[in-house]
Chemist: 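Please read through the structure below; I'll follow up with questions.
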Amino acid sequence: MISIPRIRFAHLPTPIESLPKLSALLDGPSIYLKRDDQTGLALGGNKTRKLEFLVAEAQANGARTLITAGAVQSNHCRQTAAAAARFGFDCLLVLSGEAESSFSGNLLLDDLLGAQIVWASKEDRDQVLQNTFKAAWDSGKRPYLIPYGGSNPTGAASYAFAIKELLDQAGSSPLSGPPDWIVFATSSGGTQAGMMVGARLFGYEGKILGISVDVPAEKLQHHVANLAAETAGFLGESVSFKAEEVLVDDTYLGGGYGVLGPPEIESIRLFAQSEGVLLDPVYTGRASAGLVDLIRKGRFSRGEKVLFWHTGGTPALFARRYHDQLEK
Ligand SMILES: *Cc1c(COP(=O)(O)O)cnc(C)c1O
């Protein structure tokens with residue numbers, strides 16, 4: 001494996017906790033939590049790991065501005081804005097979706113962190129992103145483009161190393177050994193692709209199940225398999241992945257991206273009230289609702305160890321758009 005540039009600023013290793021009360025309530029497998037909501041960098045989340053490599057690459061390229069895009073309540077954009085502030089870049093964020101009547105949640109934080117926001121409709125977000133990049137380039141801002149969700153081989157590589165971290169810590173953690181399952185929220189696929197590369201390179205033999213929050217399973221499986229192969233290549237390893245090997249469940253798409261429904265609300269309350277753990281309305285709320293449903297349907301056996309990988313997102317709990325539904 002070749003070594004790639006990295007700036008170490010994430011709080012690692014993130015802790016592993018057991019969730020005994022939740023496990024007893026659901027009367028299924030033993031449930032554990034990997035706290036990537038606590039990776040540091042302006043309230044944490046899975047993008048912090050990716051940014052350790054993306055920011056290092058931007059620096060190596062002599063960039064002065066970080067540009068990325070996402071939804072109004074994007075965690076990726078908030079964490080990119082924080083990384084830009086910390087490492088001395090300007091930050092341009094192209095945000096799409098229903099504009100909020102006033103800044104709250106991640107959007108409030110983007111502004112506090114000094115990012116400049118460019119609004120776009122969902123349909124022309126790609127075009128606006130390209131135009132924004134070109135204008136920044138032409139005016140000498142030396143922009144570096146981070147893709148949606150930080151999901152290119154550079155960003156995804158971070159989750160290969162996260163699997164190594166898990167294997168190194170598992171024996172002396174509450175898990176006392178590798179979990180049988182890793183379950184988590186998947187969307188732009190970088191997290192899952194990186195985990196699959198890590199499993200192959202470092203020898204994790206359990207299952208890696210992504211609960212899709214917005215993309216049909218077949219599409220995501222192909223995308224993740226390709227990205228995983230590219231990521232392995234980026235690390236100097238030749239590994240191929242078949243789409244069928246990528247485990248994605250798209251049963252829980254509900255009302256679509258960012259739409260909070262009864263399953264997410266139930267699961268957010270369940271984790272909060274049984275274990276004092278805060279999830280988020282868009283990603284971990286949905287993925288955990290899927291996990292809870294799969295446990296109720298008997299998908300896991302009682303002796304199995306299931307690690308729910310908390311990918312962050314809690315600032316979106318404070319987005320005004322979710323208040324009415326989250327309030328009792
Ligand atoms: C971005 C994000 C994900 C999805 O990760 P991908 O690598 O895009 O699949 C999951 N959870 C949270 C909280 C996120 O912000």
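Remember, it's 1-based here, ligands and their atoms both numbered in the order they're listed.
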Chemist: Looking only at heavy atoms, is any part of A287 under 4.0 Å from ligand 1, and if so is it the side chain, the backbone, or both, or is it neither?
Modeler: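 Neither part.
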
Chemist: Counting only heavy atoms, which portion of Q192 has something under 4.0 Å from ligand 1: side chain, backbone, both, or neither?
Modeler: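 Neither; nothing of Q192 gets under 4.0 Å from ligand 1.
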
Chemist: Is the closest heavy atom of G312 to ligand 1 under 4.0 Å?
Modeler: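 Right, G312 reaches ligand 1.
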
Chemist: For ligand 1, indicate whether the residue N46 contacts it via side chain, backbone, both or neither (heavy-atom separation under 4.0 Å).
Modeler: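 Contact part for N46 vs ligand 1: side chain (C-beta onward).
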
Chemist: Could you check whether any heavy atom of G149 sits closer than 4.0 Å to an atom of ligand 1, since that is the contact criterion I want to use?
Modeler: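 Contact absent.
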
Chemist: Could you tell me which atoms of ligand 1, counted from 1 in the order shown, lie closer than 4.0 angstrom to a heavy atom of A185?
Modeler: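 Going through ligand 1 atom by atom, the ones under 4.0 Å from A185 are 4 (C), 10 (C).
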
Chemist: Quick check: do Y32 and S23 have side-chain heavy atoms less than 4.5 Å from each other?
Modeler: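 A side-chain contact is absent here, since even the closest heavy-atom pair is not under 4.5 Å.
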
Chemist: Which of the atoms of ligand 1 are close to G313, meaning less than 4.0 Å from one of its heavy atoms?
Modeler: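 It comes down to these atoms of ligand 1: 13 (C).
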
Chemist: Taking 4.0 Å as the limit for heavy-atom contacts, which would you say applies to K47 with ligand 1: side chain only, backbone only, both, or neither?
Modeler: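 For K47, the contact with ligand 1 is made by the side chain alone.
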
Chemist: Below 4.0 angstrom, N of the basic side chain to O of the carboxylate: do K207 and E304 qualify?
Modeler: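 Not counted as a salt bridge, because no side-chain N and carboxylate O are separated by less than 4.0 Å.
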
Chemist: Answer whether the closest heavy-atom distance between the side chains of I268 and L260 falls below 4.5 Å.
Modeler: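 A side-chain contact exists here, since the closest heavy-atom pair is under 4.5 Å.
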
Chemist: Judged by atom type as modelled, is there a donor-acceptor pair below 3.5 Å linking the side chain of Q79 to the main-chain atoms of G44?
Modeler: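 Present.
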
Chemist: Number the atoms of ligand 1 from 1 as they appear, then name those within less than 4.0 Å of a heavy atom of T186, with their elements.
Modeler: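 Selected atoms, number and element: 9 (O).
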
Chemist: Going by heavy-atom distance to atom 12 (C) of ligand 1, choose the closest among F184, Y159, Y148, Y283.
Modeler: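 Going through F184, Y159, Y148, Y283 one by one, Y283 has the nearest heavy atom to atom 12 (C) of ligand 1.
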
Chemist: Please examine the side chains of L291 and L209, heavy atoms only from C-beta on, and report whether any two atoms are closer than 4.5 Å.
Modeler: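 Contact flag for L209/L291 side chains = no.
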
Chemist: Taking both backbone and side-chain atoms of T191, is any N or O found less than 3.5 Å from an N or O belonging to ligand 1?
Modeler: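 So ligand 1 has an N or O lying under 3.5 Å from an N or O of T191.
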
Chemist: Give me the residue, atom name and distance of the protein heavy atom closest to atom 10 (C) of ligand 1.
Modeler: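 Looking only at protein heavy atoms, the one closest to atom 10 (C) of ligand 1 is T311 OG1, 3.2 Å.
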
Chemist: Report the nearest protein non-hydrogen atom to atom 8 (O) of ligand 1: residue, atom name, distance rounded to 0.1 Å.
Modeler: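 Nearest neighbour among protein heavy atoms for atom 8 (O) of ligand 1, to 0.1 Å: S188 OG, 2.5 Å.
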
Chemist: Mind checking whether G189 has an N or O less than 3.5 Å away from an N or O of ligand 1?
Modeler: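 N/O-N/O distance below 3.5 Å exists for this pair.
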
Chemist: Show the atoms of ligand 1 that are less than 4.0 angstrom away from any heavy atom in S151.
Modeler: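 So the atoms of ligand 1 that pass are 7 (O).
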
Chemist: Examine T284 against ligand 1 and note whether any of their N/O atoms are separated by less than 3.5 Å.
Modeler: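 Not met; the criterion fails.
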
Chemist: Is the closest basic N to carboxylate O distance between R286 and D280 below 4.0 Å?
Modeler: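 Looking at R286 and D280, the cut-off is not met.
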
Chemist: Knowing that exactly one of N106, N46, T68 qualifies, which makes a side-chain hydrogen bond (donor to acceptor under 3.5 Å, both in side chains) with H76?
Modeler: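 The passing option is T68.
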
Chemist: Can you label the angle between the H310 ring and the F308 ring as parallel, tilted or perpendicular, going by 30° and 60°?
Modeler: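 Taking F308 first and then H310, their aromatic rings sit tilted (interplane angle of 30° to 60°).
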
Chemist: In terms of side-chain heavy atoms, does T39 have a donor or acceptor partner in D36 at a distance below 3.5 Å?
Modeler: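 No, D36 and T39 have no side-chain donor paired with an acceptor closer than 3.5 Å.
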
Chemist: For ligand 1, which atoms sit closer than 4.0 Å to a heavy atom of N75?
Modeler: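 Every atom of ligand 1 under 4.0 Å from some heavy atom of N75: 13 (C), 14 (C), 15 (O).
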
Chemist: Less than 6.0 angstrom separating the ring centers of F9 and F87, yes or no?
Modeler: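 Centroid separation for F9 and F87: below 6.0 Å.
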
Chemist: How are the rings of F202 and F161 set to each other: parallel, tilted or perpendicular (split at 30° and 60°)?
Modeler: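 Because their plane-to-plane angle lies in the 30° to 60° range, the rings of F202 and F161 count as tilted.
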
